[in-house]
Each structure stands twice: as structure tokens, then as C-alpha cells.
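Here is the structure we will look at, set down as C-alpha cells.
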Amino acid sequence: MHSRDKIRNIAIIAHVDHGKTTLVDKLLQQSGTFRENEAVQERAMDSNDIERERGITILAKNTAIQYKDYLINIVDTPGHADFGGEVERIMKMVDGVLLVVDAFEGTMPQTKFVLRKALEQHLTPIVVVNKIDRPNARPAEVVDEVLDLFIELGADDNQLDFPVVYASGLMGMSSLNPEKLSENMQDLYDTIVSHIPAPTEKVDEPLQFLVTLMDYNEYLGRIAIGRVNRGVVRQGQPIAVINREGQVKQARVEKLFGFQGLKRIEIEEAGAGDIIAISGIKDINIGETLADPANPEALPVLKIDEPTLQMTFLVNNSPFAGREGKWVTSRKLRERLFKELETDVSLRVDETDSPDAFIVSGRGELHLGILIENMRREGFELQVSKPEVIIRVIDGQKMEPIERLIIDLPEDSMGSVMESLGTRKAEMVNMINNGSGNVRLEFLIPARGLIGYRTYFLTLTRGYGVMNHAFDSYGPYAGSGVGGRHEGVLISSETGTSTFYGMLSVEDRGTLFLEPGTEVYEGMIVGEHNRDNDIIVNICKEKQLTNVRSATKEDTVKMKTPRLYSMEQALEYLNDDEYCEITPKSIRLRKKILNKGERERFEKQRKMAEANA
């Protein structure tokens with residue numbers, strides 16, 4: 001067991017894509033954790049397939065490095081606002097944070113969010129100005145921005161006296177002087193050791209351990225990861241498990257693991273301040289406390305911010321249901337959603353009057369989108385409704401989530417973007433023009449206004465714009481008519497296979513979403529209409545063959561390239577009366593009511609009810 005004064009526990013926090021995971025890579029490599037001939041992939045901490053594909057961290061993960069005679073436990077956290085629940089939990093495990101900020105982009109919405117959480121826990125910060133080798137890097141201005149942010153968030157005098165390390169995570173270099181980088185990460189290691197406090201908890205008190213992360217192994221079962229808050233834990237030791245409701249049950253520690261690089265190593269005992277993994281406890285969940293059976297005291301339950309967005313998950317009942325998926329029943333769907341709750345504390349699942357529908361609430365579109373993507377890869381078929389923000393009543397007033405939006409875009413696109421955000425009830429709070437032809441705009445905007453906006457924004461800026469947003473606060477409800485889609489859709493009138501001839505006959509009505517030879521069913525959305533109303537089209541019709549020769553027979557006819565949607569784009573595109581059908585191989589948009597006559601009847605009744613109201 002390490003001496004308490006030789007342990008350092010830190011979390012790496014930052015906005016998405018500011019280089020946290022790459023920085024951890026270099027810290028691991030240069031600490032001598034890996035053998036010289038050991039093959040280590042890039043972004044070693046991003047072990048999940050979706051993380052590797054998208055280049056983002058989704059789940060918080062921990063590692064440990066040996067530097068001289070110090071053990072440095074490092075937790076890599078997600079940078080995207082939708083996974084803020086992961087960041088909030090991690091703050092309970094560490095004594096300090098490395099706040100990583102891009103030397104060009106500076107402070108961003110998520111930088112503010114993660115720093116606020118760290119300061120609330122009174123953690124000791126170190127600021128790492130990363131990507132110092134980028135063209136147009138502006139380290140001095142970025143440090144000023146960070147200092148302004150600390151003051152704005154009410155940091156105390158000790159937190160304001162933060163050290164600054166300049167680094168290039170990609171090159172594996174760091175320095176205390178931005179003009180001259182050393183060849184390694186030595187300066188960053190030394191700053192961590194000298195500035196981050198050692199654990200202060202007592203080893204000779206009764207055991208307390210808070211479960212902060214969960215893992216699963218098919219041989220060991222559930223593995224609880226967290227920090228020993230006080231006392232000592234040993235292999236084979238009997239312990240008391242206190243759940244969130246305060247109920248106590250008895251269990252035993254079967255195996256105990258410490259961390260070394262990317263590996264878990266079996267250990268005999270661990271003391272206060274150690275970050276460890278424990279196996280052998282059935283049905284253990286995040287937020288529960290492991291304690292001394294003779295003195296079972298619970299630690300405060302983890303407080304996680306509430307979800308801001310919800311969607312309805314339904315069993316797939318389309319005409320093509322059951323063709324591609326392995327799990328298609330409501331029982332399997334319910335099991336999977338409730339299983340997700342065990343590891344994702346910022347998710348909520350509510351059952352409805354219908355056994356086939358569940359309301360799932362999360363932090364944002366990406367948060368729910370990743371869950372859906374994981375489910376379809378596991379072989380689930382399901383349907384989801386349009387994402388909706390969660391409206392709350394606070395002190396008798398209707399309130400909705402407000403997002404802080406930061407946009408970087410070329411000057412010539414500024415007018416059209418500001419106009420489009422104006423119609424979505426956005427309020428501009430800051431504008432910075434650095435004279436390089438690019439402008440940074442900062443807005444406060446209702447979360448509803450951002451649903452479906454990203455694709456439109458990229459069109460307005462011709463792909464050059466970059467937008468980032470994070471939850472800011474709850475504000476007064478801005479009324480109806482914020483955001484949403486204004487175009488109608490083309491709806492298939494037949495069940496069959498789309499033909500080149502059928503698609504050619506309707507393509508002047510709008511933009512098609514599929515290619516010839518795709519199977520379609522009645523009520524499926526096959527394209528976007530040029531106008532704001534929905535129309536029924538037949539894209540399955542075939543050309544009538546005759547024995548009469550045509551003068552234009554040899555003319556080549558070209559069809560416009562169809563617009564094919566990814567899953568996130570399909571979810572953004574949805575309207576209130578539509579579902580997105582998701583299977584392991586296909587993503588289809590459809591109307592909730594497939595039959596044209598029934599749809600018209602329902603719409604007529606809805607309008608009559610509105611008129612009477």
C-alpha cells in the first residue's frame with residue numbers, strides 16, 4: 001500500500017476536442033508504464049467502438065501512472081455537455097483537476113460547465129494550455145480568458161492562484177514558458193506532484209467507499225470503482241452495502257484491484273485516498289456506499305443535474321418489423337432501458353399507460369443518440385419520437401432549459417446566421433472579431449431552438465461554421481413556434497420497391513431521401529416537399545412497356561443525388577406526428593399513422609378539438 005503523501009488523484013476536464021485523451025496518452029507513454037516493444041494504440045483510453053469512430057470520450061475512465069515514487073491516479077472525463085453526468089460523479093473521486101484549454105479556441109461552453117463543478121467541490125486546479133503548437137495559438141489571451149472565468153464562477157483565493165502549464169499533447173511536450181517547450185512532459189508531472197494535495201482521509205477510521213463508476217466482467221460480474229473515503233479495505237473482508245434509500249445488506253469483498261496504466265492489478269488491501277475496483281458484490285449500483293459492518297455510515301448520495309430532453313421509445317410496429325433485429329418485444333426493450341439506468345445516472349426511464357412505450361429523458365440529443373446507437377448495434381429494433389425539451393414549473397412560472405451557444409464562423413455568413421437564430425428566440429450576449437475574417441458569437445437560446453438547427457447552420461455557413469453549446473440554466477418559457485421544421489414531406493402511398501421511373505416523376509416536388517431499389521411501405525417518409533404541406537407520392541410505379549418505339553429512347557436521364565440521413569440527422573428532422581424507425585441495418589422516417597384516410601381523420605379531429613378549446 002502506498003504512503004498517503006505519495007498519492008495524487010486528479011481528473012482531466014475540458015471542452016470536447018481540446019485534447020484530454022491525447023494528453024493522457026502521452027502521460028502514460030512517458031511515465032514508462034508500457035514496455036518499449038508494447039503496441040499501444042492512439043487515444044488508448046477511448047476503448048468503446050463508438051468513441052473510436054467519433055473521436056469523442058463518452059464514458060469516464062481511470063488509469064494510474066508511477067512517476068518517481070509517486071502514484072498518480074488520472075480520470076479521463078467526457079468533454080461533451082450531454083455526458084456531464086459522468087463529470088459530476090468523478091469530482092467526488094479526486095483532489096485536483098487539470099483544466100485543459102485549447103490555445104487557439106480558448107474557453108468554451110463546456111469549459112465553464114466542468115470548471116463550475118470542480119470549484120463547487122473545492123478541488124485544486126492546474127490549467128493546461130494545450131495545442132500550443134497550433135498556428136494562430138494565443139496563449140496569453142487564453143490564460144486571461146481562463147482567469148476571467150475563474151472570477152466569474154466565484155473561485156476562492158487559493159483556486160485563483162493556479163499554475164499554468166503550456167503543452168502540446170500531440171507532440172508530448174510541456175513547459176512553464178510558452179516560448180520554449182521542453183522535449184517531454186516533465187514540467188507537467190512536477191506541477192501535478194507539487195501542486196495537487198495528497199489525500200487527507202484517515203486510514204484508522206471505519207471504512208467508507210462510494211461507488212462512482214461501474215464495470216462488468218463476465219467472470220467477475222459487476223465491478224464497483226471508486227475512492228476509499230476513509231479506513232482500509234482488504235480482500236475477503238465482510239462489508240455493509242448501503243443503497244440510495246438507506247437500506248443495509250451484508251456482502252464480502254471477493255477481489256480487490258488497483259490500477260497500473262491500462263491494466264487492473266490484483267492487490268491485497270487499499271487505504272483511504274486510493275482509487276480501486278472491487279468485485280464480488282451482487283446488484284451493486286452507482287451512488288451506493290460500502291462501509292464497515294460494525295459502523296455502517298452512508299456517504300452523501302451523488303447529486304446529478306436533472307435531464308433536459310426526453311423522447312418516447314416504442315416497440316417497432318411498422319410493416320417491416322422483425323426483419324432485421326434480434327430483440328423486438330416490449331419486454332426486451334424494457335429490460336435494456338432499465339439496465340442502462342444502472343450505469344448512467346443522468347438518464348431517466350418512465351413507463352407509460354401503454355406497455356409498448358417508454359419515456360426516456362437525458363441530457364441532450366447526443367446522450368440519447370448514443371444509447372439508441374448502442375441498442376441498434378446490440379440487435380434491437382425500436383421506434384423513437386421527436387426529441388422534446390422538459391418544461392418545468394418553478395415558483396408557479398413555466399420554465400424551459402436555456403443553452404449557452406458559441407459559434408465560430410466566417411464574417412460573410414454572420415447576417416444569415418443571426419437572422420436564423422433570431423427566429424429561434426436567441427439572445428446575443430457577446431461578439432468577438434479577432435480581425436482574421438472569423439467572428440465568435442455567443443448566444444443564450446432556448447434548447448428547443450437548437451433541435452434540428454445544426455444541419456441548417458452548416459448550410460448557411462457552407463460548412464465553415466463551428467457551433468458548441470452547453471446547458472446554462474432554466475429560463476421563462478419563450479412561447480410556441482420556437483424551432484421545428486417548416487417544410488412538408490413526401491409520403492409513400494404504396495408498399496413495394498422504389499423504382500427509378502417512379503422517383504424521377506416526383507423529384508421536382510422536393511428532395512428524396514432514398515435510392516432506387518429501396519423497399520418502402522405506405523406512410524413511410526421518402527422525401528422533403530418544396531412547400532410546407534405533406535403530399536402523397538407513388539415512387540414504386542413502373543414505366544408501362546409497349547412495342548412502340550420512342551424518339552427519345554436513347555436520351556440519358558439523370559436523377560438528383562438523394563439526401564441520405566445519419567441517425568442523428570434523422571432524429572433532428574422529425575416532426576411531432578412522425579417516428580424514426582431504427583433497426584440494426586436501416587433508419588426509416590415514417591408517419592405515426594400510416595394510413596392516409598386515418599391520418600386525415602385524426603388531423604380533422606385535432607383541429608376541431610383545438611377550435612373548441
Side-chain angles (χ1 to χ4, degrees), residues 15-18 54-56 79-82 102 104-113 308-309 363-370 386-389 400-434 436-472 478 481-489 510-511 513 528 530 532 561 563-575 580 589:
H15 184 78
V16 66
D17 214 23
H18 279 197
R54 301 188 184 211
I56 59 172
H80 203 286
D82 286 19
D102 189 301
F104 172 69
E105 290 187 353
T107 60
M108 299 293 273
Q110 185 67 358
T111 314
K112 183 175 181 177
F113 172 82
T308 57
L309 199 75
R363 281 290 186 81
E365 287 173 88
L366 184 64
H367 184 197
L368 296 173
I370 295 289
K386 176 188 173 181
E388 295 173 358
V389 299
E400 68 175 324
I402 305 294
E403 301 266 322
R404 184 169 292 271
L405 172 69
I406 290 185
I407 288 175
D408 291 295
L409 75 170
E411 273 184 80
D412 56 359
S413 308
M414 203 167 85
S416 55
V417 168
M418 286 174 72
E419 185 185 351
S420 68
L421 287 169
T423 61
R424 292 166 182 261
K425 303 284 198 295
E427 176 191 333
M428 189 153 111
V429 292
N430 198 6
M431 173 176 164
I432 302 165
N433 190 338
N434 56 19
S436 64
N438 271 10
V439 182
R440 173 170 288 186
L441 305 174
E442 192 172 336
F443 294 89
L444 290 174
I445 179 171
R448 286 180 297 151
L450 285 174
I451 294 174
Y453 182 64
R454 188 175 294 274
T455 309
Y456 183 45
F457 168 75
L458 289 172
T459 307
L460 290 177
T461 59
R462 301 191 303 283
Y464 289 107
V466 178
M467 63 181 266
N468 289 285
H469 57 89
F471 172 73
D472 186 79
V482 176
R485 191 182 78 219
H486 303 296
E487 298 83 8
V489 288
T511 308
F513 294 164
E528 179 178 279
N530 289 332
D532 60 1
T561 307
R563 187 195 300 167
L564 303 176
Y565 278 143
S566 67
M567 192 184 69
E568 269 84 14
Q569 290 169 327
L571 295 179
E572 281 185 353
Y573 190 79
L574 285 175
N575 231 339
C580 181
L589 296 170

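Heads up: numbering here begins at 1 and tracks the sequence. Because the structure is predicted, anything quoted here is derived from the model rather than measured.
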* **Shortest non-hydrogen separation from Ser413 to Leu460 and the atoms involved** => OG-O, 3.8 Å

* To do: Supply the atom-to-atom distance Ser416 OG to Tyr456 OH, rounded to the nearest 0.5 angstrom.
  => 7.5 Å

* To do: Return each pair, listed once, that meets salt bridge (Lys or Arg N to Asp or Glu O under 4.0 Å) where at least one residue sits in residues 441-453; pairs must be two or more places apart or across chains.
  => Glu400-Arg448, Arg404-Glu442

* Separation between CD of Glu388 and CG of Leu574, rounded to the nearest 0.5 Å -> 10.5 Å

* Any side chain to side chain donor-acceptor pair (under 3.5 Å) involving residues 422-431? Give me the pairs, sequence neighbours left out, ordered by first then second residue. => none

* To do: Could you check Asp532 against His486 for side chain to side chain contact (heavy atoms under 4.5 Å, CB included), going step by step and ending with a plain yes or no?
  => CA-CA 6 Å; Asp532 60 1; His486 303 296; 5.8 Å; no

* Asked: Can you tell if the side chain of Leu421 reaches within under 4.5 Å of the side chain of Leu405, non-hydrogen atoms only?
  -> yes

* For Ser420, which residues count as a side chain to side chain donor-acceptor pair (under 3.5 Å) partner, sequence neighbours excluded? -> Tyr453

* Asked: For the residue pair Leu571 and Cys580, what are the closest heavy atoms and their distance?
  -> CD2-CB, 4.2 Å

* **Set of residues satisfying side chain to side chain donor-acceptor pair (under 3.5 Å) with respect to Thr455, sequence neighbours excluded** => Glu572

* To do: Could you list the residues that satisfy side chain to side chain donor-acceptor pair (under 3.5 Å) with Gln569, not counting sequence neighbours?
  => Ser566

* When rounded to the nearest 0.5 angstrom, what distance separates CD in Glu403 from OG1 in Thr308? -> 6.0 Å

* Asked: Quick one: are Met418 and Phe443 in side-chain contact, heavy atoms under 4.5 Å?
  -> yes

* Gap between atom CG of Leu450 and atom CD1 of Ile445 - 0.5 Å precision -> 4.5 Å

* Atom pair CG/CG of Asn468 and Asp408 - distance to nearest 0.5 Å -> 7.5 Å

* Asked: Using 30° and 60° as the class limits, which term best fits the ring planes of Tyr573 and Phe513: parallel, tilted or perpendicular?
  -> perpendicular

* Given side chains that start at C-beta, do those of Thr107 and Lys112 come closer than 4.5 Å, heavy atoms only? -> no

* **Separation of Leu409 CG from Met414 CE (nearest 0.5 Å)** => 7.5 Å

* Asked: Taking the side chain as C-beta and beyond, is there a heavy-atom pair between Ile407 and Thr461 under 4.5 Å?
  -> no

* Structure fact -> Minimal heavy-atom distance between Leu309 and Glu365, with the atoms involved, is CD2-N, 3.5 Å

* State which residues pass side chain to side chain donor-acceptor pair (under 3.5 Å) with Asp412; sequence neighbours excluded, sorted by chain then number. => Arg462

